[in-house]
Amino acid sequence: MKKILIILIALAIGTGGGYFGYKFYLAKFSKTLANFPEPFMWGVTMGPSDLNRYSSQVWQKQINTATDLGVGWIRLKFDTENENPFKRNDEEIKYLNKANLKVVLIIEQVASKNNANIDHYKDGYDDGFKIASHYKGKVKFYQMINEGGGGTIRQPTMSGQTEDQFDEEKYKIVTAYLRGVSEGIAKADPDAWRIVNMGWTHVGYLDKIVKDKIEFDVIGIDWYGWMGSFGEKKLENGQLLFDKLKSYKKPLIFMEVNADSKGKIVYPEKQAAFISEIGAWAWQNKDYVKGFFVLSLFDGVNNAREDAEYFGIVEAKKNPSGTYVPGKPRESFYAYQELIKKYAGQ
């Protein structure tokens, strides 16, 4: 009887230890608002080829401008356009790290989204696993594709607030890749935080992803001047957009913020005012909002057909040789700089 009692006590201790060990594991390794690993993330999007064809010299000048701005984070797209993509990306990130700038790395779909012969899940898994394996310990945050809802919505004029507004075939292709990237990153680097990105009020896209059990750790949102004041934005059912986003119980980061433009014209005063407004609001709601990124540091002269490429808070200056270097900061640069100075470290 005594022997049985000892065995029962040992089992109870073992079971209890296992339970509390599991609870400790969840507390330490699960990704929640409570254990978000970084102070508020002040950042900006940078394109290494925004000014010219990439060169390390011009990239260093771009980094110097970002350092003067005062940001601690750079949102950077993983460049796949080279024979050995890691070679160039390694150099870009090395220079950023040397300047004490951390990286949010965007992993985008390269293969044709409409090619039925491609295994989009495998394509995504391979990208996520290879990139996260390579940068394990160096990159902590990955944005998984950009505005997936925008690429799958039935009509661009739709609000994206309900699941039925998204095209099922397009959604399946995009989210097969998204699921692959998510699972590839998690396998390669369980400590990395995965951002799923949305634009406008595309919460129906988030609802579909959650229902389909595609794992992510952070919601990234893109917000522009024509969308209005974020904190006051209501969905068609009367619910505040922010309250809906909080219901997912995930940290929120503004991944792209900038004002309106008319064609290739940016209105400097409106740009400065909008960035200041949304940035201050983000900071004041830092219990849920964990970061704020402006798009972008420079005008993207290599992508001149895109209106958004004229949203730089620093102008591109043309040299006598015909190439571009960082030019004059716009009013928005100084407004954002002052915002960071006011709140950083608090």
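Computation of the quantities below employed the complete heavy-atom set of this structure, encompassing side-chain atoms and omitting hydrogens, waters and symmetry-equivalent molecules.
Put simply, CG on Asn258 and CH2 on Trp223 are 14.5 Å apart, with the number rounded to the nearest 0.5 Å. Annotation: the span from Phe129 atom CZ to His134 atom NE2 amounts to 13.5 Å, rounded to 0.5 Å. To the nearest 0.5 angstrom, Glu108 atom CD is 5.5 Å from Asn146 atom CG. To the nearest 0.5 Å, atoms CE (Met255) and OG1 (Thr45) are separated by 6.5 Å. A distance of 7.0 Å separates CD1 in Ile107 from CG in Asp127, rounded to the nearest 0.5 Å. Expressed to the nearest 0.5 Å, how far CD1 of Ile185 lies from OH of Tyr125 amounts to 11.0 Å.
Pairing each heavy atom of Asp299 with each of Glu315, the nearest pair is OD2-CA, 4.0 Å. The minimum heavy-atom distance linking Met46 with Ile63 is given by the pair CE-N, 4.0 Å. Scanning all heavy atoms of the two residues, the minimum distance from Thr175 to Ile209 falls at CG2-CG1, 4.5 Å. Among all heavy-atom pairs drawn from Phe216 and Met144, the shortest one is CB-CE, 3.9 Å. Taking all atoms of both residues into account, the shortest heavy-atom contact from Leu69 to Leu297 is CD2-CD1, 4.1 Å. Across every non-hydrogen atom of Glu256 and Tyr224, the tightest pair is OE1-OH, 2.5 Å.
The one candidate from Trp42, Phe293, Phe292, Phe141 that meets the ring pair (Phe, Tyr, Trp, His ring centres under 6.0 Å) condition with Trp73 is Phe141. Exactly one residue among Glu92, Glu91, Arg88 makes a side chain to side chain donor-acceptor pair (under 3.5 Å) with Tyr54. That residue is Glu91.
Thr162 and Asp164 share a side-chain donor-acceptor pair at under 3.5 Å. Side-chain contact annotation: Asp189 with Tyr135, donor-acceptor N/O pair under 3.5 Å absent. Counted by atom type alone, Asp68 and Thr65 present zero donor-acceptor pairs between their side chains at under 3.5 Å. A donor-acceptor contact closer than 3.5 angstrom is absent between the side chains of Glu147 and His202.
Of the possible polar contacts, one joining the Gln143 side chain to the Ile145 backbone as a donor-acceptor pair under 3.5 Å is found. Side-chain atoms of Arg179 come within 3.5 Å of backbone atoms of Asp212 as a donor-acceptor pair (strictly under, hydrogens ignored). In this structure, Asp217 contributes its side chain and Lys31 its backbone to no donor-acceptor pair below 3.5 Å. Side chain of Glu215 to main chain of Glu183: no donor-acceptor pair is present (N/O by atom type, distance under 3.5 Å, no hydrogens or angles). Asn35 places a side-chain N or O within 3.5 Å of a backbone atom of Ser30 that can act as its donor or acceptor partner. Judged by distance alone, the side chain of Gln165 and the main-chain N or O of Gly204 form no donor-acceptor pair under 3.5 Å.
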- Starting from the C-alpha separation in whole Å, work towards a yes-or-no answer on salt bridge (charged side-chain N to carboxylate O under 4.0 Å, His left out) for Glu168 and Lys208. CA-CA 10 Å; Glu168 279 301 319; Lys208 286 174 74 65; 2.5 Å; yes
- List the steps and the verdict of side chain to side chain contact (heavy atoms under 4.5 Å, CB included) for Arg75 and Ile106. CA-CA 7 Å; Arg75 178 172 173 260; Ile106 305 169; 3.7 Å; yes
- Message: Walk me through whether Tyr205 and Val174 qualify under side chain to side chain contact (heavy atoms under 4.5 Å, CB included).
- Response: CA-CA 11 Å; Tyr205 175 70; Val174 168; 4.1 Å; yes
- Passes side chain to side chain contact (heavy atoms under 4.5 Å, CB included), Ile253 versus Phe36? Steps please. CA-CA 12 Å; Ile253 297 176; Phe36 192 80; 4.3 Å; yes
- Task: Give the C-alpha distance, both sets of side-chain angles, the deciding distance and a yes or no for side chain to side chain contact (heavy atoms under 4.5 Å, CB included) between Phe230 and Leu245.
- Result: CA-CA 12 Å; Phe230 180 84; Leu245 292 173; 3.8 Å; yes
- Between Lys94 and Asp90, is a salt bridge (charged side-chain N to carboxylate O under 4.0 Å, His left out) present by the stated rule, with each step listed? CA-CA 6 Å; Lys94 179 185 75 174; Asp90 285 351; over 6 Å; no
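Here the side chains of Val294 and Phe254 are not in contact, with every heavy-atom distance at 4.5 Å or above. The shortest side-chain heavy-atom distance between Pro251 and Met41 does not fall under the 4.5 Å cut-off. Taking 4.5 Å as the limit, every side-chain heavy atom of Asp50 sits out of range of all side-chain heavy atoms of Tyr324. When side chains are defined from C-beta on, Ile340 does not count as touching Phe40, because their heavy atoms never get closer than 4.5 Å. You'll find the side chain of Trp281 reaches within 4.5 Å of the side chain of Val289, heavy atoms only. Lys233 has its side chain within reach of Thr201: a pair of non-hydrogen atoms, C-beta onward, lies under 4.5 Å apart. Within the 4.5 Å cutoff, no side-chain heavy atoms of Trp283 are placed close to those of Leu339. Between Asn237 and Lys244, the closest side-chain pair of non-hydrogen atoms is not below 4.5 Å.
Atom NZ of Lys246 has more than 12 heavy atoms from other residues, nucleotides or ligands within 6.0 Å. Within 6.0 Å of atom CD in Glu269, 12 or fewer heavy atoms from other residues, nucleotides or ligands are found, so the atom counts as exposed in its surroundings. Within a 6.0 Å radius of NZ in Lys286, more than 12 heavy atoms belonging to other residues, nucleotides or ligands are found.
Hydrophobic clustering (side-chain heavy atoms under 4.5 Å, transitive across Ile, Leu, Val, Met, Phe, Trp, Tyr) groups Leu105 together with Val71. Under a hydrophobic-cluster definition in which Ile, Leu, Val, Met, Phe, Trp and Tyr are linked whenever side-chain heavy atoms come within less than 4.5 Å, directly or via other members, Met227 and Leu206 are assigned to the same cluster. Under the 4.5 Å side-chain heavy-atom criterion for grouping Ile, Leu, Val, Met, Phe, Trp and Tyr, Leu76 is not connected to Ile195 through any hydrophobic cluster.
Cation-pi geometry between Lys250 and Tyr248 is not met at under 6.0 angstrom from the ring centre and within 45 degrees of the axis.
Between Tyr95 and Trp59, the ring center distance fails the sub-6.0 Å criterion.
Salt bridge Lys211/Asp207: absent, no basic N to carboxylate O contact under 4.0 Å.
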